[in-house]
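In what follows, residues are counted from 1 in the order of the sequence shown.
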Amino acid sequence: MALKGKLVDALVREVELRRDYLGPQATLDTIYFGGGTPSLLTAAELDTLFSAIHRHFKIAPQAEITLEANPDDLTAPKLAELAASPINRLSIGLQSFHEPHLRLMNRAHSAVESARCVRLAQDAGFENISVDLIYGVPAPDHRIWEQDMAAAFALGVPHLSCYALTIEPDTVFGRRLRKGQFTPPPDDFVARQFEMLLAQIPAHGYEQYEISNFCLPGRESRHNSNYWRGVPYLGLGPSAHSFDGVSREFAVANNARYVTSLLEQNAVPVTRETLSPTDRANEYLMTSLRTARGCDLVRLRQEFGVDLRAQRADYLRGLEQNQWATLRDEVLILTDQGKLLADHITLELFQAAG
């Protein structure tokens, strides 16, 4: 049996073994097929997975069911298959509408496919669509980013996820950087493109509900919003993470080991980490400050034992004086300028939790 078929069988086994992870009475409000290339799953394979999920879990009647997809996978026949399945939301990794940037990012699809696949999805009946864009890609000026934004807005999708290009050590960009084959743009170039995005968002009817995520009113990603609110979740498959409120589990990243463990040993190959009170406080700080809802200082004090009013009063005043954050009704919310410094501000506040 091909590895993909074995992976599907292993996933079915894991669904059965993990059915009580969220509690026997849990109802799934969201399901998310992400990581890797779930759009390569056939209609039969998707049906097998959905059948297993339905056998072992309760699913809310209006559950949000998302599939991540690459543009080059979304042909008209493929979209017809997906439209006939329970999937009701697509997250499409466009990244750019500029051919040289797609080549630089090692994307398989073309600039033409970036726009065409969304139109095909809409023609197939998908209205709930999110597209990904990348800014901060090396360029002589900001015109390509302006064109990418305009093209994305013209699609009329209800959700956009926009991320700065990041250079991780063990990636193509990281290796190119070490060899002197790639020069990332300066920080002020990247920051300027983020500011341009924030200026355009309200003009096209979108709201920023998380630093990198934007939607038409009422069209947040329910699945991702649950992450940022600290709602427990179950992740299935190689490299998947799960969270039950007090601990995390990390599945083995190796496909063959994952399959062997489940199909031959009937065991879920995960490593468990119990979060300390400090870990949980820091995680709440990090995720809540990224959202438009902000960080609830009362919750931070009562649930995690961290009193920022007492421990970092001077720093909080400085955030307000510099117009990096507002503090109203015991909720700390970053301003647009503060969002540019979100990582730094979070690290400063971590010191109180630690």
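- For Asp188, the salt bridge (charged side-chain N to carboxylate O under 4.0 Å, His left out) criterion is met by no residue, not counting sequence neighbours.
- In the model, His101 has no side-chain atom that pairs as donor or acceptor with a side-chain atom of Gln95 under 3.5 Å.
- The existence of a salt bridge linking Lys6 and Asp9 is excluded, since no basic side-chain nitrogen approaches an acidic carboxylate oxygen closer than 4.0 Å.
- Geometrically, Arg280 does not engage Phe304 in a cation-pi contact defined by less than 6.0 Å to the ring centre and at most 45° from the axis.
- Between Leu82 and Leu74, the closest side-chain pair of non-hydrogen atoms falls below 4.5 Å.
- Between the side chain of Arg272 and the backbone N or O of Phe250, no donor-acceptor pair lies under 3.5 Å.
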- prompt: Would Leu46 and Ile87 count as a side-chain contact (heavy atoms from CB on, under 4.5 Å) if you check the C-alpha gap in whole Å, the side-chain angles of each, and the deciding distance to 0.1 Å?
  reply: CA-CA 10 Å; Leu46 276 172; Ile87 291 163; 4.0 Å; yes
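- With Val12 as reference, Thr48 is the one residue of Leu17, Ile53, Leu263, Thr48 to meet the side chain to side chain contact (heavy atoms under 4.5 Å, CB included) rule.
- Taking the side chain as every heavy atom from C-beta outward, Trp228 and Tyr209 approach each other to under 4.5 Å.
- In summary, Arg248 and Glu273 do not engage in a salt bridge, as defined by a charged side-chain N under 4.0 Å from a carboxylate O.
- Under the 6.0 Å distance and 45° angle rule, Arg312 counts as a cation-pi partner of Tyr315.
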- request: Would you check, one step at a time, whether the test salt bridge (charged side-chain N to carboxylate O under 4.0 Å, His left out) holds for Arg293 with Glu220?
  value: CA-CA 13 Å; Arg293 295 183 178 91; Glu220 298 181 7; 3.6 Å; yes
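- Nearest heavy-atom pair across Thr335 and Gln323 is OG1-O, 2.6 Å.
- Remark: Gln265 CD is packed, more than 12 non-hydrogen atoms of other residues, nucleotides or ligands lying under 6.0 Å away.
- Using a 4.5 Å cut-off on side-chain heavy atoms (C-beta onward), Val268 and Leu262 make contact.
- Of the inter-residue distances, the one linking Ser85 atom OG with Leu49 atom CG reads 11.0 Å to the nearest 0.5 angstrom.
- A distance of 4.5 Å separates CD of Glu64 from OG of Ser221, quoted to the nearest 0.5 Å.
- Here the CG-CZ distance, from Asn282 to Phe350, works out to 4.5 Å after rounding to the nearest 0.5 Å.
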- request: Apply side chain to side chain donor-acceptor pair (under 3.5 Å) to the pair Ser247 and Asp244, showing each step before the final yes or no.
  value: CA-CA 6 Å; Ser247 68; Asp244 65 3; 3.1 Å; yes
- request: Could you go through the side chain to side chain donor-acceptor pair (under 3.5 Å) check for Gln147 and His98 one step at a time?
  value: CA-CA 8 Å; Gln147 292 165 4; His98 184 63; 5.1 Å; no
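- Residues Leu308 and Leu316 share a closest heavy-atom pair of O-CD1, 3.7 Å.
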message: Test side-chain contact (heavy atoms from CB on, under 4.5 Å) on Tyr135 and Leu165; report intermediate values, then the result.
response: CA-CA 6 Å; Tyr135 62 91; Leu165 180 68; over 6 Å; no
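- Distance CG/Leu197 to CG/Asp148: 11.0 Å, rounded to 0.5 Å.
- Contact check for Pro71 versus Arg116: no side-chain heavy atoms found under the 4.5 Å cut-off.
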- request: In sequence, state the C-alpha distance, the side-chain angles, and the governing distance for Gln122 and Ile129, and then conclude on side-chain contact (heavy atoms from CB on, under 4.5 Å).
  value: CA-CA 8 Å; Gln122 291 167 330; Ile129 297 172; 3.8 Å; yes
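- Heavy-atom neighbours of Arg328 CZ from other residues, nucleotides or ligands within 6.0 Å: at or below the threshold of 12.
- For the pair Trp324 and Leu341, the minimum side-chain heavy-atom distance is below 4.5 Å.
- Each of Leu102 and Leu94 belongs to its own hydrophobic cluster when Ile, Leu, Val, Met, Phe, Trp and Tyr are linked at side-chain heavy-atom distances under 4.5 angstrom.
- Annotation for Asn322: atom CG counts as buried by contact number, over 12 foreign heavy atoms lying within 6.0 Å.
- Remark: side-chain polar atoms of Asn70 are not paired, donor with acceptor, to backbone N or O of Asp72 under 3.5 angstrom.
- No side-chain donor from either of His223 and Thr66 sits under 3.5 Å from a side-chain acceptor of the other.
- Taking the centre and axis of the six-membered ring of Tyr284, the NZ or CZ atom of Arg299 falls inside the cone set by 45° and 6.0 Å.
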field: ring-ring contact (aromatic ring centres under 6.0 Å, His included) assessment of His241 paired with Tyr233
entry: CA-CA 9 Å; His241 292 186; Tyr233 59 87; 8.3 Å; no
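- A side-chain donor from one of Glu68 and Tyr32 sits under 3.5 Å from a side-chain acceptor of the other.
- Closest heavy-atom contact between Val190 and Pro185: CG2-CG, 3.9 Å.
- Remark: side-chain polar atoms of Thr30 are not paired, donor with acceptor, to backbone N or O of Arg222 under 3.5 angstrom.
- Using a 4.0 Å cut-off between a side-chain N of Lys or Arg and a carboxylate O of Asp or Glu, Arg192 and Glu195 qualify as a salt bridge.
- Residues Ala121 and Leu79 approach most closely at N-CD1, 3.5 Å, considering heavy atoms.
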task: Would you check, one step at a time, whether the test side-chain contact (heavy atoms from CB on, under 4.5 Å) holds for Arg290 with Ser288?
output: CA-CA 5 Å; Arg290 292 186 62 87; Ser288 64; over 6 Å; no
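- For the pair Glu45 and Thr42, the minimum side-chain heavy-atom distance is below 4.5 Å.
- Using a cutoff of 4.0 Å between basic side-chain nitrogens and carboxylate oxygens, Arg89 and Glu127 are not scored as salt-bridged.
- Residue Leu133 is grouped with residue Leu155 when hydrophobic side chains (ILVMFWY) are merged at heavy-atom distances under 4.5 angstrom, including chains of intermediate members.
- At a threshold of 4.0 Å, the pair Asp73-Lys78 does not count as salt-bridged, since none of the basic side-chain nitrogens sits closer than that to a carboxylate oxygen.
- Closest of all the heavy-atom pairs between Phe243 and Val231 is CD2-O, 4.0 Å.
- A donor-acceptor contact under 3.5 angstrom links the side chains of Tyr258 and Glu14, judged on distance only.
- Asp279 and Ser276 form a side-chain donor-acceptor contact under 3.5 Å, judged by distance and modelled atom types alone.
- A donor-acceptor contact under 3.5 angstrom links the side chains of Arg18 and Ser242, judged on distance only.
- Side-chain contact between Leu349 and Leu332 is present, with at least one heavy-atom pair separated by less than 4.5 Å.
- Considering all non-hydrogen atoms of both residues, Ile211 and Ala342 come closest at CD1-CB, 3.5 Å.
- Atom CG of Asp132 sits about 7.0 Å away from atom CD1 of Ile134, to the nearest 0.5 Å.
- Close placement of the Phe33 and Phe50 rings is indicated, their centers lying within 6.0 Å of each other.
- Residues Leu275 and Val246 have side chains not in contact (no heavy-atom distance under 4.5 Å, counting atoms from C-beta outward).
- Residues Arg309 and Glu330 are paired through a salt bridge, judged by an N-O separation under 4.0 Å between the basic side chain and the carboxylate.
- Annotation: the span from Met105 atom CE to Arg103 atom CZ amounts to 9.5 Å, rounded to 0.5 Å.
- Distance alone, capped at 3.5 Å, places no donor-acceptor pair between the Thr346 side chain and the Met286 backbone.
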